[in-house]
Amino acid sequence: MSRAFQRLSIPASAGIGLRSPHVSEMLTRRPSAGWLEVHAENYMGHGAGVEALDRLRQIYPLSVHGVGLSLGSARGVDRDHLERLRKVCERFQPDLVSEHLAWSVADGAYLNDLLPLRYDEEALAIVARNVETVQGALGRQVLIENLSAYVAFVDSSMNEAEFLAELVARTGCGLLLDVNNVQVSAHNLQYDAKAFIDALPVEAIGEIHLAGHAINHVGTDTVLIDDHGSRVPPVVWTLYQHAISRLGPRPTLIEWDTDVPVLDVLLGEAMWADMLSASIMFNRKQAARQTAAAKPRPQSTLVSFETEARTGMPVLAAFAAAKAGQVMPSALPQIIQGGYHAAA
């Protein structure tokens, strides 16, 4: 039975995953970033990292992303681990909390991976029960993330998107749409990535993840590996464009976990996400206005349009110029006047 939880949210802008090499620089520079996301399991103890996050939480909105609850476990979630997660949420008061649609525990042994489920009614009942347990313990809605897949169960009775939609209906949970995971799974399992996104309930999607992936060649086959070790590739940007065009702006995270680059690279990727989202929404408004151009409009609407055009056009022009190769990414902050200043 679904329960109603107050839905918290982060501004619909781009943030970055906070990684240990960048903590000190984030504290000293306070660069512009829409928000930060951390892995819950890294902050379940004590130490300098926990104290630093206490300070950063006062500057940036925060999301907590879990990797160890194993929501697909038939024996239920580990109550000790759930209590540790509850304490993390109690201490840092994150605006979003998320976990994966996966399992990673068997007979008390934790596996170093997030493994896929069989998508059928039996698995759905197990995951729904576990999600309700987690949401009840935390007293808040949890976002569930779609998984990167390399194999699938032949006897599944539904696909992952259908499974997630039904999970939302039964538990009131939200969804974390990982666009890179969609691309990886769609390529590896040969299904339509855009159709997957279109099948998800729009109102449930509270966050989006973007990342890079590795390309492996196995004989004549190409396998994509979700390694979070490179810039967001063009194919994922294209899928993100489709998602934002359908969903509207959503809090969007740049994930980078292996071969972590300097902080400015992550901030630059976040800037691209903000620019692409802004350009999509500007074009949508322009198209709507053109459609309604023949209808009489009050003067106040015209004033609003002129103000929005002056605000939106630099972002749109910068994005279009950069895509055409006319502007180097390093020059974009100067084009978008005042848009990416240091955080207060």
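Only heavy atoms go into these numbers, but all of them, side chains included; no hydrogens, no water, no symmetry mates. These numbers come from a predicted model, not from an experiment.
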- Message: One thing to verify: whether D95 and R57 come together as a salt bridge, which I'm taking to mean a side-chain N less than 4.0 angstrom from a carboxylate O.
- Response: yes

- Task: Please name all residues satisfying ring-ring contact (aromatic ring centres under 6.0 Å, His included) with H187, sequence neighbours left out, ordered by chain then number.
- Result: none

- Note on the structure: Exactly one candidate in V97, I144, V77 meets side-chain contact (heavy atoms from CB on, under 4.5 Å) with V134; the answer is V77

- Message: For a quick check under 3.5 Å, do H242 and D198 share a side-chain donor-acceptor pair by atom type?
- Response: yes

- When you measure from the side chain of S156 to the backbone N and O of Y119, does any donor-acceptor pair fall under 3.5 Å? yes

- Task: Considering only NZ, NE, NH1 and NH2 on the basic side and carboxylate oxygens on the acidic side, decide whether D78 and R84 come within less than 4.0 Å.
- Result: no

- Note on the structure: Between L210 and the options T252, L253, N180, L239, the side-chain contact (heavy atoms from CB on, under 4.5 Å) test singles out T252

- Item | Student check: side-chain heavy atoms of E255 and N181 closer than 4.5 Å | no

- Query: Between the side chain of E162 and the main-chain N/O of N159, is any donor-acceptor distance below 3.5 Å?
  - Reply: yes

- Sorted by chain and number, sequence neighbours left out, side-chain contact (heavy atoms from CB on, under 4.5 Å) with R129 holds for I126

- Message: According to side-chain hydrogen bond (donor to acceptor under 3.5 Å, both in side chains), does anything in residues 40-53 pair up with another residue at least two apart or in another chain? List the pairs.
- Response: E41-H81

- Item | Any donor-acceptor N/O pair, D178 side chain to N146 backbone, under 3.5 Å | no

- Item | Electrostatic pair K87-E90, nearest N-O below 4.0 angstrom | no

- Message: Can you see whether H65 engages E207 through a side-chain donor-acceptor pair at a distance of less than 3.5 angstrom?
- Response: no

